[in-house]
Amino acid sequence: MPVHNAEIAGLFNRLADLLDIEGGNPFRIRAYRNAARTIASLAQNMAGLLESGKDLSELPGIGKAIAEKIQTIVETGRLPQLEEVESRTPAALSDLMKIEGLGPKRVKTLYRQLNIRSPEDLERAARSGKIRELEGFGRKTEELILQRVRRFQGEAPRMRLPDAEDIAEPLVAYLKKTPGIKVITVAGSFRRRRETVGDLDILVTARKGSPVMDRFIAYDEVAGVVSRGNTRSTVILHSGLHVDLRVVPQVSYGAALCYFTGSRTHNIALRKIGVSKGYRLNEYGLFRDEKRLAGKTEQEVYDKLGLAWIEPELRENRGEIELARKGRLPRLVSRADIRGDLHSHTSATDGRNSLGEMAEAARARGYQYLAITDHSRHVSVAHGLNSKQLLEEIKQIDKLNAKLDGIVILKSCEVDILDDGSLDLPDSVLRELDFTVCAVHYNFNFPENKQTERIIRAMDNPCFNILAHPTGRLINSREAYEVDLPAVMTAAKERGCFLEINAQPARLDLTDTYCKLARDLGLKAAISTDAHSIDQLDFMRFGIGQARRGWLRAGDVLNTRGLDELRTLLRRN
DNA sequence: GCCGTTTTCGGCCCGACTGTTTTCAGTCG
C-alpha cells in the first residue's frame with residue numbers, strides 16, 4: 001500500500017512543529033511547511049510520480065534535500081530526521097500546537113517547566129493554577145487555555161459551505177442595517193468557494209464613527225467575544241463558527257478584499273512580488289515608501305503588480321500567479337454556461353418529486369435538458385428499479401417528451417457497479433437509454449487495486465458513460481474509498497467515458513485538485529446535482545464552485561454543450 | 001531548506017490584538 005500524500009505532508013508538518021518548539025532555524029521550518037502544503041495539494045501520489053521518473057524538485061517549495069526525504073519516505077515509510085528530533089522532543093507536542101493560542105514558544109515553556117505533553121496534562125495544570133505562575137503567562141492566559149483545550153477536545157470540523165452560507169446571509173443582512181455602512185463582503189475561503197470553511201471573514205467599509213463593531217458584537221447569535229479592536233474583532237457564534245469582522249477605509253477596500261480573501265499562500269506570493277518591485281503590500285494598499293500606489297480595487301492592486309486580476313477560486317498559489325503574469329489565466333466555467341443537468345432522481349426511486357415536476361423545474365432554470373437517473377435494482381435502500389420498471393420509466397419519459405416544449409428529458413439510470421465490475425442491469429435494457437451514470441454503492445472497503453479494477457472493468461462495458469461520485473466520500477462523515485483515480489481517469493479517457501463532479505454539498509466529489517487533474521489529462525467532466533428534489537437542482541452552484549477551483553473552463557465541462565453536441569460526445573466508439 | 005525580473009548567496013510577508021508588560025513577545029490570519 002503506497003504512502004498517501006497526506007501522510008507524507010503530515011510527517012513534514014510534524015518535523016516543522018517540533019523544530020519550531022526546539023527553536024530551530026525559522027526559514028528551514030517554513031520550508032518544511034511549504035513543502036508539506038505542496039505535497040498535500042497534489043492530486044497524484046508521490047509514489048506514482050517517483051515511479052514515472054518525475055523529478056520532485058521541480059515542484060514548488062521542494063528542492064533537492066526534501067525530494068530525497070520524500071523518496072526515503074516512499075521507500076521505507078519513515079523519515080529518519082523526524083525520528084531523530086522525536087528522540088529529543090516528544091512527538092505529541094506537535095498536537096498541542098493545534099490548540100488555539102498555543103504556539104511553539106508557549107508549548108516549549110509548558111513542556112520544559114511543567115512537563116506538559118498532552119491536552120490532558122494541559123487541562124490538569126490549568127485547573128490546578130500552575131500555569132499562571134509561569135513567566136509570560138498569567139491568570140487570563142490560564143483561563144483561555146482551559147477554555148480552548150476543552151474546545152479542542154470536542155473540536156468541530158470545518159463547516160460545509162452551504163451551512164456557512166445559511167449563517168452568513170442573515171448576519172450580513174443584519175450588519176447592512178448599521179448606519180454608515182458602505183460595502184460589506186464575505187471574503188476568505190467562503191469567497192474562494194472552498195467546500196468547507198473554518199471561519200467567516202467579513203469585510204466592511206464604513207463612514208467614520210459608524211457603530212458597526214458594537215453592533216457586530218451585539219448580534220443575537222454571538223456566544224462569545226474572542227477579541228475586539230477598532231478595526232478587527234472576532235466572535236464565536238452559537239453554531240461554533242468563528243467570525244472575523246474587519247473595518248477598512250474605502251481607499252483600502254480592494255487591498256483589504258485581496259488580503260482577506262487569501263489564500264494565505266497566494267497573499268504571500270503577491271507580497272513577494274511587491275517586495276521584488278520595491279513595494280510593500282498590506283491590507284491598506286500597495287505602497288512605495290509612504291505613497292499609496294493602489295488599494296481601492298483589487299484590479300488596481302493586481303495591475304500594479306504586473307498581474308491580471310485573478311478569480312477568487314484560483315487563489316491557492318497553484319500556478320495562477322504565473323499565468324496571471326503572462327495574461328493566460330483560464331476563463332472559468334460559470335452558471336451561464338450550463339445547459340442542463342445530467343444526474344437527478346424522481347419519486348420512482350428515492351427522489352421527492354415526480355418526473356413531471358422535475359422536468360418543469362429544470363425548464364424553469366433555463367435548461368435545455370435534464371437527465372433522469374433513477375437508481376438500479378441493487379440499490380434496494382433507494383428502491384432501485386429493475387429492468388421492467390426502468391423500461392416503464394423510459395416509456396413515461398417518451399410520452400412526456402412528446403408533450404414538453406423547450407426542454408428534453410434524457411433517459412438515463414444511475415447503474416450500480418457490482419463487485420466484479422459488471423453493471424446491475426442487462427446491456428439490452430441499458431441500450432434503450434440515452435446514456436448511463438454508473439457508480440459504486442457497496443463494498444467501499446475493497447483494497448485500492450481491486451476497487452480500481454472493478455471500476456475500470458465496468459468502463460469496459462460500452463454502455464458505461466459517466467462515473468458518478470467517483471470516490472464515494474461524504475464530507476466530514478465518510479472517507480473516500482481507496483482507488484487509483486489517475487488510473488481511472490486515464491482509463492475513462494481511453495474509452496470515451498467521463499467523470500462526474502457531484503454537486504451535492506456533502507459530496508463535492510471530485511475534489512478541486514482532482515478536477516484539475518482531469519483537466520490536465522484532457523478528460524471532460526459532467527457537473528451534476530444528483531438532485532433528489534426540485535430545489536436541489538440549485539446545488540449546481542456548489543458543483544460549479546468546485547469546478548472553478550479545479551480550473552475548469554466551459555469547454556472542459558460536458559453539460560455546457562447543446563443537446564446535439566452532448567449526444568455526439570456521449571457516443572462511444 | 002528553498003530560490004532567482006538585484007540569480008548560486010543572502011535573503012526569506014505583514015499587521016492587529018492580547019496579555020503581561022513598562023516597551024514587547026506570542027500568536028493568529
Side-chain angles (χ1 to χ4, degrees), chain A residues 12 15-17 19-21 23-38 56-70 81 96-110 131-145 148 187-189 197-203 213 225-235 242-248 252 255-256 258-287 305-307 317 321-322 325-326:
Chain A
F12 282 111
L15 179 58
D17 284 349
L19 289 173
D20 211 354
I21 291 165
N25 177 349
F27 300 109
R28 202 169 132 223
I29 291 165
R30 186 187 303 168
Y32 288 137
R33 292 200 216 280
N34 287 341
R37 202 173 295 122
T38 295
L56 298 183
S57 68
E58 286 169 9
L59 296 168
I62 294 175
K64 200 163 163 284
I66 291 183
E68 278 172 15
K69 289 185 173 68
I70 294 171
Q81 200 189 1
L96 282 180
M97 276 184 58
K98 296 190 178 79
I99 295 171
E100 209 186 332
L102 290 191
K105 301 292 192 317
R106 285 177 176 166
V107 167
K108 181 181 183 178
T109 304
L110 291 165
I131 289 176
R132 73 180 75 168
E133 291 161 9
L134 297 174
E135 195 179 332
F137 291 73
R139 208 174 171 35
K140 285 209 139 185
T141 306
E142 186 177 77
E143 276 171 28
L144 214 68
I145 284 176
R148 289 178 176 171
S189 45
V197 303
D199 60 12
L200 286 181
D201 298 288
I202 302 182
L203 181 66
M213 272 310 174
V225 178
V226 177
S227 70
R228 189 213 188 283
N230 288 328
T231 64
R232 169 179 157 192
S233 298
T234 305
V235 301
H242 282 54
V243 185
D244 264 22
L245 183 72
R246 301 287 303 234
V247 184
V248 296
S252 299
C258 224
Y259 184 91
F260 294 113
T261 297
S263 66
R264 198 178 145 74
T265 54
H266 177 87
N267 285 348
I268 289 172
L270 290 187
R271 278 185 228 126
K272 279 186 184 165
I273 293 174
V275 168
S276 75
K277 293 178 182 292
Y279 304 153
R280 190 177 85 252
L281 177 63
N282 57 33
E283 59 264 57
Y284 299 111
L286 184 69
F287 298 88
L305 292 174
L307 304 174
N317 199 25
I321 290 175
E322 201 185 331
R325 187 181 287 130
K326 295 179 188 156

- [ ] Check for a donor-acceptor pair, side chain of T38(A) on one end and backbone N or O of P60(A) on the other, with a separation under 3.5 Å.
- [x] yes
When rounded to whole Å, the CZ to P distance for the pair R228(A) and dC28(B) reads 22 Å
Original post:
Ignoring hydrogens and angles, does a donor from either the side chain of Y259(A) or the base of dG29(B) sit under 3.5 Å from an acceptor on the other?
Top reply: yes
What does K64(A) touch in the nucleic acid at a heavy-atom separation under 4.0 angstrom: a base, only the sugar-phosphate, or nothing?
sugar-phosphate
note: R30(A), atom CZ; dG10(B), atom P; distance rounded to Å ~ 19 Å
Applying a 4.0 Å non-hydrogen cut-off, can you work out what L270(A) is touching in the nucleic acid: base, sugar-phosphate, or nothing? nothing
Please confirm whether the shortest side-chain N or O distance from K69(A) to OP1 or OP2 of dG1(B) is below 4.0 Å.
yes
Among the nucleotides dT20(B), dC2(B), dC17(B), whichever has the atom closest to the side chain of I66(A) is dC2(B)
Item to complete: Select base, sugar-phosphate, or nothing to describe what V226(A) touches, counting heavy atoms under 4.0 Å on all strands.
Response: nothing
**Request:** Determine the interatomic distance between C1' on dT18(B) and the same-named atom on dT23(B); round to the nearest Å.
**Result:** 15 Å
Notebook entry, point to check: What interatomic distance, in whole Å, is found between P of dA16(B) and the corresponding atom of dG11(B)?
Noted result: 26 Å
| message | Counting the atoms with a prime plus P, OP1 and OP2 as sugar-phosphate, which does E100(A) contact under 4.0 Å by heavy atoms, base, sugar-phosphate, or nothing? | response | sugar-phosphate
Atom CD1 of I321(A) and atom P of dG4(B) are separated, to the nearest Å, by 13 Å
If the P atom of dC14(B) is compared with that of dT20(B), how far apart are they to the nearest Å?
30 Å
- Message: When you compare the side chain of R232(A) with that of E283(A), does any pair of heavy atoms fall below 4.5 Å?
- Response: no
Quiz prompt | Same-atom distance (C1') from dT8(B) to dC3(B), integer angstrom | solution = 10 Å
Main-chain N/O of G285(A) paired to N282(A) side chain as donor or acceptor, under 3.5 Å | yes
Note: for F260(A) and S276(A) on DNA chain B, the residue whose nearest nucleotide lies more 5' is S276(A)
* Give one of base, sugar-phosphate or nothing for N267(A), where a contact means two heavy atoms less than 4.0 Å apart. => nothing
Separation of dG11(B) atom C1' from R28(A) atom CZ, nearest Å, is 17 Å
Scanning all shown strands, the Watson-Crick or wobble mate of dT8(B) with both distances under 3.5 Å is none
Practice item. Indicate whether OP1 or OP2 belonging to dC17(B) is found under 4.0 Å from a side-chain N or O atom of S233(A). Key: no
*asked:* Could you tell me if the side chain of Y259(A) sits less than 4.5 Å from the side chain of V248(A), heavy atoms only?
replied: no
Between dG26(B) and dT21(B), how far apart are the C1' atoms? Round to whole Å, please.
12 Å
Pairwise C1' distance for dG10(B) and dG15(B), with rounding to whole Å = 25 Å
- Message: Students often get this wrong, so: under 4.0 angstrom with heavy atoms, is I99(A) touching a base, only sugar-phosphate, or nothing?
- Response: sugar-phosphate
Between NZ of K272(A) and P of dT6(B) the distance, given in whole Å, is 15 Å
Rounded to whole Å, CG of D244(A) lies from C1' of dT27(B) at a distance of 13 Å
Mind checking if P60(A) touches a base, just sugar-phosphate, or nothing, with heavy atoms under 4.0 Å? sugar-phosphate
Whole-Å distance, M97(A) CE to dG26(B) C1', equals 12 Å
**Study point:** Distance-only side-chain donor-acceptor flag, R264(A) / N267(A), under 3.5 Å
**Key:** no
Going by heavy atoms in the side chains, are K140(A) and L144(A) under 4.5 Å from each other?
no
message = By the 4.0 Å heavy-atom rule, please label L281(A) as base, sugar-phosphate, or nothing.
response = sugar-phosphate
Below 4.0 Å: OP1/OP2 of dA16(B) and any side-chain N or O of S227(A):
no
By nearest-nucleotide position on DNA chain B, the 5'-leaning member of V275(A) and G101(A) is V275(A)
In whole angstroms, the gap separating P of dC2(B) from CG of N317(A) amounts to 17 Å
Note to self: Under 3.5 Å, is there any donor-acceptor pair linking the side chain of R106(A) to the base of dG26(B)?
What the structure shows: no
Inset, instruction - Identify whether the distance between the nearest side-chain nitrogen and carboxylate oxygen of D17(A) and R33(A) falls below 4.0 Å. - result: yes
*asked:* Taking the side chain as everything from C-beta on, heavy atoms only, tell me whether T141(A) gets closer than 4.5 Å to L134(A).
replied: no
Would you mind classifying the nucleic acid contact of I62(A) as base, sugar-phosphate or nothing, using non-hydrogen atoms under 4.0 angstrom? sugar-phosphate
Is the phosphate of dG15(B), meaning OP1 or OP2, less than 4.0 Å from a side-chain N or O of R280(A)?
yes
Of the listed dC14(B), dG1(B), dT27(B), the closest approach to the A65(A) side chain comes from dG1(B)
